[in-house]
Amino acid sequence: MRRSVGRNLSLCGVAVAMVAVGAAAPPSSASSTPRKVPVAVGYGGAVASVDADASAAGIEVLRNGGNAVDAAVATAAALGVTEPYSSGVGGGGYFVYYNAKSRKVHTIDGRETAPLTAGSDLFLENGKPLAFNDAVTSGLSVGTPGTPATWQSALDAWGSKRLGTVLKPAERLARDGFTVDDTFRSQTASNEARFRNFPDTADLFLPGGQLPVVGSTFKNPDLARTYQELARKGIGALYRGDLGADVVKTVNKPPVDPGSGYLARPGKLSTKDLKAYAAKYRAPSKTSYRGLGVYSMAPSSSGGTTVGEALNILEKTNLSKASDVRYLHRFIEASRIAFADRGRWVGDPAFEDVPTKQLLSQRFADSRGCLIKDDAVLTSPLAPGDPRHPGTCGKAGDKAAPTTYEGENTTHLTAADKWGNVVSYTLTIESTGGSGITVPGRGFLLNNELTDFSFAPASPDVHDPNLPGPGKRPRSSISPTIVLDKAGRPVVAVGSPGGATIITTVLQTLTGFLDRHLPLVDAIAAPRASQRNAAKTELEPGLYDSGLRAKLEAIGHSFTANPEIGAATGVQRLPGGKWLAAAETVRRGGGSAMVVQPGK
């Protein structure tokens, strides 16, 4: 039985949402789109994502006996249909898995890689960095896709179903269609001009030459056939077969409309790059916070080390008793410091000597956190510290370097099953709409992930660990996180899209839930701040338009408005085998939380 609970939710005195506790999902189809509900509580497992059809796909797999890994792959594949500007076969991501039997956390690095021929000058033209937009919408920006390899690697290691089985809900959704909402139309509209440069992209996403109409049914038969091919042939279809050959051809000779006049620079991807690709099982990053174990992605993502360092800095402050102003001030400053250190030290560990253990040491956090004063603001960009030699308070290493830009679109899902296994999985094609280039006849966009590399050293006098290289993974901010109690049982799992704002979104959600004792859906819905070692901190309207902004400015903070930061989801373990799934109440049109069975 579905029941609704109305509640006035707030953080820092700012009203943020009204939510409903929802039932399990009905079967997914364009004619019966599941109702979006941002929080659901029940048994048998749970799924939370930005999209109701995608969450329903995961619930369908759980109902049919699948586990959290099976459900996560099914949900991700469905997001490739309904969130094609954020994720899909042409992208990559990071997968964090908790095994209830062993009580251990495992991760998969499914990040895209640069071509084996790429050098540090990948984005230089006549010795100068390309304009960012020119680099994005080009073959140069496309890395070797890692998403299909991630799916198969997760299923091989921990799943209970075959890839073909868990792809069925997404294949059906692509064939039968889904209902266009305001978010899908607005994201299409923001990409309309560049989509029109590529006939295959325009034919797919601008049906009849027009923006898709809200309430209409959007079908993608090409993607349905691609999923069928992956189900039948396995991921070898991409990494060694015809699908991969089509990807390589598209990257190296982008199919531009000759009449558009657009110069889409060709990429350098080869079949050798596809054959050489492997998703990597990695040890998770780990830090202790308030007696809990916080597990996330180690490099090549900077998410785990940066969130972890900031938590270690914040642990010295009793955030549960801090005023709203002191809480936000400390959160902003810890973020600033952690980003300063991230920019200097984190890159692909196959190419860079990343001091992961030292970045996550409490000694290093203490040597950096002592910089924070309650009556003053640190200067940005702040110089990094040296985690290998923490030294005395405030001892800096190299010169300051600003945080490089990352596209702010991605998607995140969380899943749990009746056995207690949990998945936190963030997948992406980078910018909204990726490279803008659709593989002809295949129904999916290619990523622009390589623009997450530094185009040139951020500072000429400092080593930049994030320059391109052959087969190198660009640094990411993706931060799928699972928190365990002292007995090794899950407390909460969270994650978010949002480029570099992912780190601050996950950090704020965790501190809101663990320290400020907000219900998970409230911690997700709370108005956000994001400081990334920049002169100004970004604030969502709920904070920018509040009285807190003036109080923080009085300390010395400077702010700029950002209408929307991130789009988180999470799951929380409750007593007695019960799960709570939570998603956004408003951002991206609200998210979708579902459980297998709302009651016993």
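In this chain, numbering begins with 1 at the start of the sequence shown. Heavy atoms only: backbone and side chains are in, while hydrogens, waters and symmetry mates are out. Note that the structure is predicted; figures quoted are calculated from it, not measured.
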From CA spacing to verdict: salt bridge (Lys or Arg N to Asp or Glu O under 4.0 Å), Glu584, Arg588: CA-CA 8 Å; Glu584 296 288 355; Arg588 291 202 190 179; over 6 Å; no
Going by atom types alone, do [X] and [Y] pair a side-chain donor with an acceptor below 3.5 Å?
X      : Y      : value
Thr451 : Ser141 : no
Tyr425 : Thr75  : no
Thr438 : Thr201 : yes
Glu538 : Ser530 : no
Asn448 : Ser431 : yes
Arg194 : Asn191 : yes
Thr426 : His412 : yes
Ser454 : Asp464 : yes
Asp51  : Ser592 : no
Ser270 : Asp273 : yes
Arg342 : Ser302 : yes

For [X] versus [Y], what's the shortest heavy-atom pair and its separation?
X      : Y      : value
Pro480 : Ser296 : O-OG, 2.8 Å
Gly343 : Pro465 : O-CD, 3.7 Å
Gly110 : Ala279 : CA-CB, 4.4 Å
Phe184 : Val180 : CD2-CG1, 3.9 Å
Ala78  : Ala57  : CB-CB, 3.9 Å
Ser424 : Gly495 : OG-N, 4.4 Å

Is there a donor-acceptor contact under 3.5 Å from the side chain of [X] to the main chain of [Y]?
X      : Y      : value
Glu171 : Ala174 : no
Asp257 : Pro199 : no
Asp70  : Leu155 : no
Asn447 : Gly143 : yes
Ser496 : Ala567 : yes

Ring geometry between Phe205 and Phe218 (parallel below 30°, tilted from 30 to 60°, perpendicular above 60°): parallel
Note, [X] side chain near [Y] side chain (heavy atom, < 4.5 Å):
X      : Y      : result
Val214 : Thr179 : no
Leu450 : Leu140 : no
Thr428 : Glu449 : yes
Leu274 : Thr144 : yes
Val256 : Phe198 : yes
Arg528 : Glu564 : no
Leu163 : Trp151 : yes
Val50  : Leu79  : yes

[atom1] of [X] to [atom2] of [Y]: how many Å apart, nearest 0.5 Å?
X      : Y      : atom1 : atom2 : value
Arg111 : Ser476 : CZ    : OG    : 4.0 Å
Asp134 : Leu263 : CG    : CG    : 7.5 Å
Leu269 : Thr250 : CG    : OG1   : 10.0 Å
Asn220 : Leu204 : CG    : CG    : 4.5 Å
Thr585 : Ile524 : OG1   : CD1   : 9.0 Å
Ile503 : Ser477 : CD1   : OG    : 4.0 Å

Full working for side-chain contact (heavy atoms from CB on, under 4.5 Å) between Leu206 and Glu192: CA-CA 8 Å; Leu206 299 168; Glu192 182 178 4; 4.2 Å; yes
Working for side-chain contact (heavy atoms from CB on, under 4.5 Å), residues Lys219 and Thr217: CA-CA 6 Å; Lys219 298 181 180 181; Thr217 299; 4.1 Å; yes
Test of ring centre spacing under 6.0 Å for Phe123 and Phe453: no
Aromatic centroids of Tyr85 and Phe195 separated by under 6.0 Å: yes
Lys168 atom NZ: more than 12 heavy-atom contacts under 6.0 Å: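 Open.
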Greater than 12 external heavy atoms within 6.0 Å of Asp156's CG: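 Result for CG/Asp156: enclosed.
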Evaluation steps, side-chain contact (heavy atoms from CB on, under 4.5 Å), between Val247 and Phe444: CA-CA 10 Å; Val247 168; Phe444 62 88; 4.1 Å; yes
Salt-bridge criterion met for Arg225 and Glu229 (N-O under 4.0 Å): no
Salt-bridge present (Arg475, Glu352; N to O < 4.0 Å):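 Glu352 and Arg475: not salt-bridged.
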Derivation and outcome, side chain to side chain donor-acceptor pair (under 3.5 Å), residues Thr569 and Thr414: CA-CA 6 Å; Thr569 72; Thr414 42; 3.2 Å; yes
side-chain contact (heavy atoms from CB on, under 4.5 Å) evaluation trace for Phe95 with Val423: CA-CA 7 Å; Phe95 193 103; Val423 171; 3.6 Å; yes
Side chain to side chain contact (heavy atoms under 4.5 Å, CB included), paired with Asp109, selected from Ser153, Pro299, Ser300, Ser301: Ser300
Criterion salt bridge (Lys or Arg N to Asp or Glu O under 4.0 Å) against Arg442, the qualifying member of Asp242, Asp200, Asp222, Asp246: Asp246
